[in-house]
Amino acid sequence: MTGRKFFVGGNWKLNGDKKSIEELANTLNNAKLNPDTEVVCGAPSIYLDYSRSKLNPNIEVAAQNCYKVAKGAFTGEISPAMIKDCGVNWVILGHSERRHVFGESDELIGQKVAHALESGLGVIACIGEKLDEREAGITEKVVFSQTKFIADNVKDWSKVVLAYEPVWAIGTGKTASPQQAQEVHDKLRQWMKANVSEAVANSVRIIYGGSVTGGTCKELASQKDVDGFLVGGASLKPEFIDIINAKA
């Protein structure tokens with residue numbers, strides 16, 4: 001046993017309304033969830049307060065993004081302080097959609113990580129290569145570079161979960177094979193050992209994201225260095241419970 005607590009995050013993305021969130025919360029609240037798995041639901045910022053009020057206390061809530069400062073003239077942004085004020089303890093940062101749809105740089109993501117951690121939020125920090133990068137054989141180069149920008153901004157690793165999400169597998173129905181996922185997770189742990197510390201390499205949770213379903217989750221969860229999942233579409237469906245219980 002690694003001693004790393006299995007972690008399953010649901011990223012609702014730009015989905016949901018009060019009615020569907022209440023239904024999903026009821027489903028999760030009434031389900032028998034593995035008590036050894038940490039569960040976090042990433043709600044749209046406008047529904048953070050609402051989601052927190054509907055979900056049982058054993059299910060945490062995450063914002064899907066935040067800015068690098070506490071307050072100011074940044075129209076449309078939210079801060080870690082606001083997230084915490086809603087009773088929410090987590091934030092997802094560096095998701096590939098933030099990087100590739102909204103143009104966030106590695107540097108900005110690093111600054112956001114630093115501020116979120118200083119503010120007392122837990123951070124689900126996302127990294128991952130695009131299809132052309134995998135085909136060019138530079139997966140490691142890309143994910144190590146992204147990880148370095150994150151690592152340079154972390155003082156306390158106990159509040160960080162690293163999410164490896166190959167961009168070519170997100171929402172495409174393509175899943176990295178359990179072997180492909182394990183290989184990258186193992187390499188990331190080796191990178192952490194060489195560049196952060198052996199203790200952090202052994203304790204940090206590295207979770208996998210990319211078309212995780214009730215069908216693929218058990219074999220992925222059995223891999224030595226896969227410590228959980230960041231789930232997109234399937235987190236809006238009842239099969240999310242099967243994914244949470246992948247280790248049960």
Side-chain angles (χ1 to χ4, degrees), residues 2 4 6-9 11 13 65 92-113 123-154 157 160-213 215-234 243 246:
T2 61
R4 296 189 295 266
F6 205 68
F7 184 103
V8 176
N11 179 8
K13 305 191 180 181
N65 190 29
I92 301 168
L93 291 173
H95 191 278
S96 65
E97 289 154 7
R98 298 304 317 171
R99 293 175 186 272
H100 303 304
V101 181
F102 299 103
E104 293 189 9
S105 66
D106 287 337
E107 187 180 23
L108 175 61
I109 291 159
Q111 291 166 339
K112 289 182 177 193
V113 167
V123 172
I124 302 166
C126 305
I127 55 176
E129 82 284 11
K130 294 188 293 201
L131 184 59
D132 59 342
E133 293 166 336
R134 176 163 279 263
E135 287 174 344
I138 57 169
T139 292
E140 285 172 43
K141 184 175 170 231
V142 171
V143 296
F144 291 169
S145 168
Q146 291 172 343
T147 305
K148 181 171 171 25
F149 276 95
I150 292 162
D152 286 349
N153 287 285
V154 176
W157 280 93
V160 179
V161 174
L162 208 52
Y164 168 60
E165 296 198 299
V167 182
W168 47 272
I170 298 175
T172 59
K174 287 182 189 162
T175 310
S177 70
Q179 294 71 31
Q180 284 174 317
Q182 166 58 27
E183 186 185 359
V184 177
H185 285 225
D186 175 49
K187 294 263 171 57
L188 279 165
R189 226 175 273 291
Q190 290 175 29
W191 185 92
M192 299 291 285
K193 189 174 167 180
N195 294 278
V196 183
S197 75
E198 186 165 6
V200 167
N202 290 334
S203 64
V204 72
R205 290 174 294 181
I206 306 176
I207 64 176
Y208 171 77
S211 300
V212 177
T213 65
T216 58
C217 64
K218 271 207 164 8
E219 200 188 343
L220 282 161
S222 71
Q223 304 300 310
K224 181 167 78 78
D225 290 294
V226 176
D227 301 314
F229 303 115
L230 186 56
V231 186
I243 298 170

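Heads up: numbering here begins at 1 and tracks the sequence.
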Colleague: So do the side chains of Leu93 and Ile124 get within less than 4.5 Å of each other, counting heavy atoms only?
Modeller: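 SC-SC contact between Leu93 and Ile124 ruled out.
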Colleague: Side chains of Trp191 and Glu140: does their closest heavy-atom pair fall under 4.5 Å?
Modeller: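 No - every pair of side-chain heavy atoms lies 4.5 Å or more apart.
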Colleague: Can you run down the salt bridge (charged side-chain N to carboxylate O under 4.0 Å, His left out) pairs that involve residues 162-182, sequence neighbours left out, and say none if there aren't any?
Modeller: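 Residue pairs with at least one partner in residues 162-182: there are none.
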Colleague: Answer whether the closest heavy-atom distance between the side chains of Tyr208 and Val184 falls below 4.5 Å.
Modeller: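 Not touching, per the 4.5 Å side-chain cut-off.
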Colleague: Could you point out which residue of Val142, Asp152, Asn195, Leu162 forms a side chain to side chain contact (heavy atoms under 4.5 Å, CB included) with Thr147?
Modeller: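 The side chain to side chain contact (heavy atoms under 4.5 Å, CB included) with Thr147 is passed solely by Leu162 among Val142, Asp152, Asn195, Leu162.
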Colleague: Does one side chain, of Gln146 or Asp106, offer a donor that lies under 3.5 Å from an acceptor on the other?
Modeller: no
Colleague: Taking the side chain as C-beta and beyond, is there a heavy-atom pair between Asp225 and Ile206 under 4.5 Å?
Modeller: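 Side-chain contact under 4.5 Å: no.
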Colleague: Hey, could you give me the CG/NZ distance between Asn202 and Lys193, rounded to the nearest 0.5 Å?
Modeller: 7.0 Å
Colleague: Report yes if the side chains of Glu97 and Ile170 come closer than 4.5 Å at any heavy-atom pair, otherwise no.
Modeller: yes
Colleague: Count the heavy atoms belonging to other residues, nucleotides or ligands that lie under 6.0 Å from CD of Gln190, then report whether that count exceeds 12.
Modeller: yes
Colleague: Who are the side-chain contact (heavy atoms from CB on, under 4.5 Å) partners of Val167, not counting sequence neighbours?
Modeller: Ser96, His100, Lys130
Colleague: Rounded to the nearest 0.5 Å, how far does CD of Glu219 lie from CD of Gln179?
Modeller: 6.0 Å
